[in-house]
Amino acid sequence: MTQHGPAVDFRDFVDELLAAGDAVAIDRAVDPHLEVGAITRRAYETRSPAPLFGSLVGAAPGFRILGAPAGLGTPGAQEYGRLAAHFGLPRQARPRDILEKLVGAMHAAPLPPVVVTESPCKQNIRTGDAVDLEEFPVPLLHQEDGGRYFGTYGFHVVRSPDGGWTSWSVARTMLHDRNTLVGPAMPQQHIGMIHEMWRARGEHTPWAMVLGAPPAALAAAGMPLPAHVDEGGYVGALTGSPVEVVRTETNGLYVPANAEIVLEGYLSRDETAPEGPMGEYHGYAFPESKPQPVFHVEAVTHRDDPILPVCAAGLPPEENHTVWGTMISAAALDLLRSAGLPVDLAWCSYEAAGCWMVVSVDLRRLREMRTTEAKLVRAVADVLFASHVGWLVPKVVLVADDIDVTDIDQVVWAMATRYHPGTGEYCFPEAPGIPMVPYLTPEEIRSGRGGKSISSCLLPEQFHGTTRGTTASFRGSYPRELQQTVIDNWADYGYR
């Protein structure tokens, strides 16, 4: 039996986007060599619907690609519609709605996956010498890329040797040859931790990769949940329905039964090959490739007429910012709240390409704490920078709760008018951080530390419960009754 609903079935997700006009079926022939990437990038940058490519040059009939699966829509009521669909939320959902649903699921009882014996992802099976990854329309997404990337919107499945921890995690994979891929498995990531467990035993890591996954599962796989927490149980709690999984053909792992494409095999314990360069989530493409682990594919299974989702990484907003950034925000929000800090909301501004998080501070609770700016900053740093979620985000900006942290215009205004140069920034050179941040020095990259800061946009008097001045704005400068009158009569004034 196949689960249904856009959060748990990728096909249903695509159908919902098409029905809502948030995806467009492209029937003319499109070349996976750069043209798919160019159309996808322009869709992001013009806030256009997701492109569904149905006729791909050089590909077998039926093979398809979906670009920009979580790109933003036109600013307005359904701007976050594609992202909301990942979680089964209405298309009108706003960032706070999404974050609160994600945080709520973190405190709900996990619903572990359930095993089924029949599944759409087994409609086509190839093993051994019959495996040929070249049969898929694997795109070259940027002219700077060092190769064609198969996995840009999928997740890895690995399990610890004792069977006690199954990890779903997002990381890219580049096509190496007909039956191997190459990609990162950093030791700070869960896939890297489990890989090291198998290496310590002198064994390869049993591995699978899921493409066209249930959207909620893909999002959860990119969430910095604590180590030894199975993402599958979280997805069940998030969607209210256990994920249906099926046993792989070769290595005893379990993957979502209604996935579009599943690759399975092993992550080599010692073999590496050059990977990259690739247009990155921070918006740059650097010229160097790096040696990364090799993934050997021993079996491929897929649905009829499979859809390969792709993210053409680069300038925001794209999926690294909309999905990954949102999942990081939810994990950070829960972490800070659970530590008893006076936090209203946390948000990785999509425009900042994953390089900063804005945290709004509840001024009423701040006043009750009777603390100082330096002590508050230190408390936030101690909680955040010691965590996996804090490892991912190098800069934190603190603002008062009169600022909507999901509105970049308000964040810029707060930084311009409330941040005090020289005294408002606190640096943490010893804090660990992800080595992919563009401004890091070679030494910081080698050591895995540095480049971290917290900037305070809190005014001194706000620590004592007062604020100089009021906000001169539509919401702040007029009686509520008049505001509503203006809204109700907006069209009569001649505005659309």
Side-chain angles (χ1 to χ4, degrees), residues 10-11 13-14 17-18 22-26 29-46 48-60 62-72 82-83 85-86 133-156 170-176 181-183 209-215 217-219 221-222 259-263 275-281 283 285 300 302-303 305-324:
F10 187 77
R11 287 286 171 100
F13 170 78
V14 173
L17 296 189
L18 289 167
D22 202 14
V24 58
I26 299 177
V30 174
D31 196 335
H33 183 88
L34 295 180
E35 190 176 5
V36 162
I39 294 169
T40 300
R41 279 303 322 172
R42 182 160 172 77
Y44 292 132
E45 295 171 23
T46 58
S48 298
L52 177 63
F53 304 99
S55 178
L56 294 157
V57 174
F63 282 43
R64 295 172 287 172
I65 289 177
L66 178 74
L72 293 184
R82 254 172 275 172
L83 182 62
H86 279 65
L133 301 179
E134 298 277 2
E135 73 172 333
F136 292 94
V138 183
L140 182 68
L141 292 169
H142 316 85
Q143 64 184 2
E144 301 89 357
D145 288 355
R148 294 183 290 153
Y149 278 84
F150 204 134
T152 58
Y153 204 66
F155 64 82
H156 299 289
V170 174
R172 70 195 192 207
T173 53
M174 187 181 84
L175 186 65
H176 186 235
L181 302 165
V182 58
M209 188 166 204
V210 182
L211 299 147
L218 182 282
E260 293 289 320
I261 303 165
V262 176
L263 314 179
E275 184 264 334
M278 179 191 180
E280 298 273 14
Y281 71 89
V300 176
H302 65 82
R303 295 179 73 150
D305 301 330
I307 304 172
L308 174 66
V310 299
C311 164
L315 282 176
E318 38 91 342
E319 285 72 25
N320 286 292
H321 317 117
T322 60
V323 174
W324 192 38

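Residue numbers count from 1 along this sequence. Below, each value reflects all heavy atoms present in this structure, side chains not excepted, and no hydrogens, waters or symmetry copies.
At a threshold of 4.0 Å, the pair Glu280-Arg172 counts as salt-bridged, since one of the basic side-chain nitrogens sits closer than that to a carboxylate oxygen.
Looking at heavy atoms from C-beta onward, Glu319 lies in side-chain contact with Pro69 at the 4.5 angstrom threshold. Taking the side chain as every heavy atom from C-beta outward, Thr322 and Leu72 approach each other to under 4.5 Å.
Leu315 is linked by a side-chain contact (heavy atoms from CB on, under 4.5 Å) to Arg41, counting only residues two or more places apart in sequence or in another chain. Under the side-chain contact (heavy atoms from CB on, under 4.5 Å) criterion, Ala23 pairs with Leu17, Leu18, Ala50, not counting sequence neighbours. Judged as a ring pair (Phe, Tyr, Trp, His ring centres under 6.0 Å), and not counting sequence neighbours, the contacts of Tyr281 are Trp324. Partners of Phe10 under the ring pair (Phe, Tyr, Trp, His ring centres under 6.0 Å) rule, at least two apart in sequence or in another chain, are Phe13. Residues passing the side-chain contact (heavy atoms from CB on, under 4.5 Å) test with Pro137 are Pro32, Leu56, Ala59, Phe63, Ile65, sequence neighbours excluded.
Annotation for Ala70 and Tyr153: closest pair CB-OH, 3.8 Å, computed over non-hydrogen atoms.
More than 12 non-hydrogen atoms from other residues, nucleotides or ligands lie less than 6.0 angstrom from CD of Glu45.
Each of Val36, Val30, Thr40 was scored for a side chain to side chain contact (heavy atoms under 4.5 Å, CB included) with Pro51, with one residue passing: Thr40.
For residues 133-151, the salt bridge (charged side-chain N to carboxylate O under 4.0 Å, His left out) pairs, not counting sequence neighbours, are Arg126-Glu135, Glu134-Arg148.
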